[in-house]
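Contents: one structure, followed by commentary.
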2 protein chains.
Amino acid sequence: MMRWKKISDAVVRRLPLYLRVLEEAHQSGETKLMSSHELGERAGVSPALVRKDLAWFGEFGKQGVGYEVGYLREELRKILNLDREIRIGLIGVGSLGHALVRYNQQRYAEDSHFNLHIVALFDNDPSKVHRQLDGMLIHPIDALAEVTKQERLQMAIVTVPAAAAQQVADRCVEAGIRAILNFAPAKLVVPAGVYLANADVSLEMQRLAYYLGE
Amino acid sequence: MMRWKKISDAVVRRLPLYLRVLEEAHQSGETKLMSSHELGERAGVSPALVRKDLAWFGEFGKQGVGYEVGYLREELRKILNLDREIRIGLIGVGSLGHALVRYNQQRYAEDSHFNLHIVALFDNDPSKVHRQLDGMLIHPIDALAEVTKQERLQMAIVTVPAAAAQQVADRCVEAGIRAILNFAPAKLVVPAGVYLANADVSLEMQRLAYYLGE
DNA sequence: TAGATTGTTAATCGATTAACAATC
DNA sequence: TAGATTGTTAATCGATTAACAATC
């Protein structure tokens with residue numbers, strides 16, 4: 001998709017918050033219109049910032065009226081590339097990996113508009129490789145490039161131990177994966193053009209611990 | 001602990017990154033000294049910012065020399081309240097909750113300095129309540145206040161479905177919990193003085209999806 | 001029309017970087 | 001001492017908020 005100028009990450013982080021509010025309002029059918037005040041209130045963002053964020057992508061509202069819930073929802077889904085299935089590989093089928101797969105399968109099954117889909121599993125543990133898990137075959141990590149192509153994977157979730165994480169990330173990049181969600185407690189380095197999100201649980205817990213001292 | 005002026009959250013977020021680098025260097029014994037350049041390099045932060053962040057809390061380095069790894073590590077552990085055990089309750093023993101418990105138990109057992117410890121479980125599912133899981137009894141959520149007191153819980157991890165999350169958070173606050181790590185895809189509201197961290201996996205995936213369009 | 005709310009510009013606020021004196 | 005690096009202040013950069021004309 002042709003893209004606008006450079007949008008800051010601070011803006012991109014808020015878009016899913018807006019989308020969540022709109023999805024809720026849309027599904028419950030509570031309202032057809034929403035002002036930047038209400039949307040902001042429910043997303044935890046100031047009304048001015050809501051308007052400014054949306055204005056980066058176009059004009060979605062009507063003066064004096066607000067935003068049409070269904071329409072803005074659709075537009076946000078397009079902006080976030082969530083209007084079509086995104087196929088995801090998960091590498092490292094330990095207990096956390098397994099839990100994420102189950103969570104994703106449930107969400108994907110329940111909500112026909114939830115287009116994030118884990119469709120391939122990888123692990124190097126001989127007791128797991130070539131076995132089935134929740135209806136999916138577990139591939140060896142060596143098969144990453146091949147399976148990425150076959151299954152048209154675009155995103156990877158990394159749930160391997162910290163010591164293996166960088167190596168796995170390198171393999172993902174090699175295979176053409178463009179976005180990596182990393183759960184390992186390790187700082188990963190990826191080249192420009194590959195996007196990385198960190199979901200290191202212990203880092204978050206450590207941060208919270210700071211505030212216990214106040 | 002008596003605390004310095006108001007430290008911004010942006011600063012607090014980086015402290016665990018620094019600590020991780022120092023723990024690695026300390027455990028591998030590779031070096032006794034580290035400059036703000038190397039610490040920054042390994043944590044993904046500019047050297048100037050490393051120095052400025054640390055300066056909020058005291059003078060930990062020596063001009064012309066750098067920071068003593070073992071000493072700075074200890075000081076950071078004190079600042080983050082990680083120099084003593086932090087006792088955590090987990091509410092919602094589904095597959096994600098269970099995975100987090102196992103992950104935490106392993107980490108806690110392996111690393112004697114990892115002081116974040118899940119010591120109590122809660123769930124309302126009758127098929128789970130009063131059963132054992134990984135050596136811990138699962139309490140009903142009604143017992144939150146009582147068990148929080150008994151077990152001296154300071155932090156809660158919320159892994160219940162979105163629809164129940166706010167209610168559970170309210171109970172946590174009532175029980176005197178001061179920090180909540182929320183995995184449910186819901187915006188929680190908590191009073192001032194209670195600290196909230198969000199670890200909503202689907203939000204992160206949605207954010208990453210944005211960049212697939214570039 | 002009168003009231004409300006958007007989209008957008010200008011003002012403010014806060015965070016990061018650059019620079020350097022102090023000093024190990 | 002000479003070289004290096006800290007702690008800190010000033011400069012810059014970027015993000016948020018306030019304000020308001022446009023307009024539904």
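Chain identifiers are assigned alphabetically (A, B, ...) following the order of the sequence lines, protein sequences preceding nucleic acid strands; residue numbering begins at 1 within each chain.
Counting heavy atoms from C-beta on, the side chains of B:Val101 and B:Gln105 come closer than 4.5 Å. Residues A:Leu181 and A:Met155 fail the side-chain proximity criterion, which asks for heavy atoms closer than 4.5 Å. Contact of the B:Leu76 side chain with the B:Phe57 side chain is not registered, since no non-hydrogen atoms from C-beta on lie closer than 4.5 Å. Two residues are said to be in side-chain contact when any heavy atoms from C-beta on lie closer than 4.5 Å; B:Asn104 and B:Phe114 meet this criterion.
Protein atom CD of A:Glu59 is 11 Å distant from nucleotide atom C1' of D:dA22, rounded to whole Å. Atom pair A:Arg13:CZ and D:dA15:P shows a separation of 12 Å (rounding to whole Å applied). If you measure from atom CG of B:Asp9 to atom P of D:dA15, you get 17 Å, rounded to the nearest angstrom. A:Trp56 places its CH2 atom 19 Å from the P atom of C:dT6, with the value rounded to the nearest Å. Distance B:Asp53 CG to D:dT6 C1': 14 Å, rounded to the nearest Å. Between B:Ile7 atom CD1 and C:dT16 atom P there is a gap of 13 Å when expressed in whole angstrom units. Summarising the geometry, the separation between CZ on B:Arg51 and P on C:dA18 is reported as 11 Å, rounded to the nearest angstrom. Between B:Lys52 atom NZ and C:dA15 atom C1' there is a gap of 8 Å when expressed in whole angstrom units.
For B:Ser8, a side-chain nitrogen or oxygen approaches OP1 or OP2 of C:dA15 to under 4.0 Å. In this structure, B:Ser46 does not reach the C:dT16 phosphate: none of its side-chain N or O atoms is under 4.0 Å from OP1 or OP2.
Separation of atoms CD (A:Glu38) and CG (A:Leu33) is listed at 10.0 Å; rounding is to 0.5 Å. Considering CG of A:Leu144 and CG of A:Leu153, their distance stands at 7.5 Å, rounded to 0.5 Å. Interatomic distance, OH of B:Tyr108 versus CD1 of B:Ile88, reported as 10.0 Å (0.5 Å rounding). For the atom pair CZ of A:Arg178 and CD1 of A:Ile86, the computed distance is 11.0 Å after rounding to the nearest 0.5 Å. Summarising the geometry, atom CD belonging to B:Gln154 is positioned 8.0 Å from atom CG belonging to B:Asn81; distances are rounded to the nearest 0.5 Å.
With respect to A:Thr159, the side chain to side chain contact (heavy atoms under 4.5 Å, CB included) criterion is satisfied by exactly one of A:Val168, A:Leu100, A:Asn182: A:Leu100.
Relative to the side chain of B:Ala48, the nucleotides D:dA18, C:dG7, C:dA18 differ in distance, and C:dA18 lies closest. For B:Arg14, the listed nucleotide lying nearest its side chain is C:dT16; candidates were D:dT16, C:dT16, C:dT8. With distances taken from any side-chain atom of B:Leu49 to the nucleotides D:dT8, C:dT16, C:dG7, the minimum falls on C:dT16.
Using a 4.0 Å cutoff on non-hydrogen atoms, the parts of residues 60-76 of chain B near DNA chain C are B:Lys62, B:Gln63, B:Gly64, ordered by number. Residues of residues 34-43 of chain A having a heavy atom closer than 4.0 Å to DNA chain C, listed by number: A:Ser35, A:Ser36.
Looking only at atom types and distance, the side chain of B:Asp9 has a donor-acceptor partner in the side chain of A:Tyr211 under 3.5 Å away.
Using a cut-off of 4.0 Å between Lys/Arg side-chain N and Asp/Glu carboxylate O, B:Glu110 and B:Arg107 are scored as not salt-bridged.
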Practice problem: Could you provide the dot-bracket string of DNA chain C, using ( ) for intrastrand pairs, [ ] for crossing pairs and | for bases paired to another strand, with Watson-Crick or G-U pairs below 3.5 Å? | Solution: ..||||||||||||||||||||||
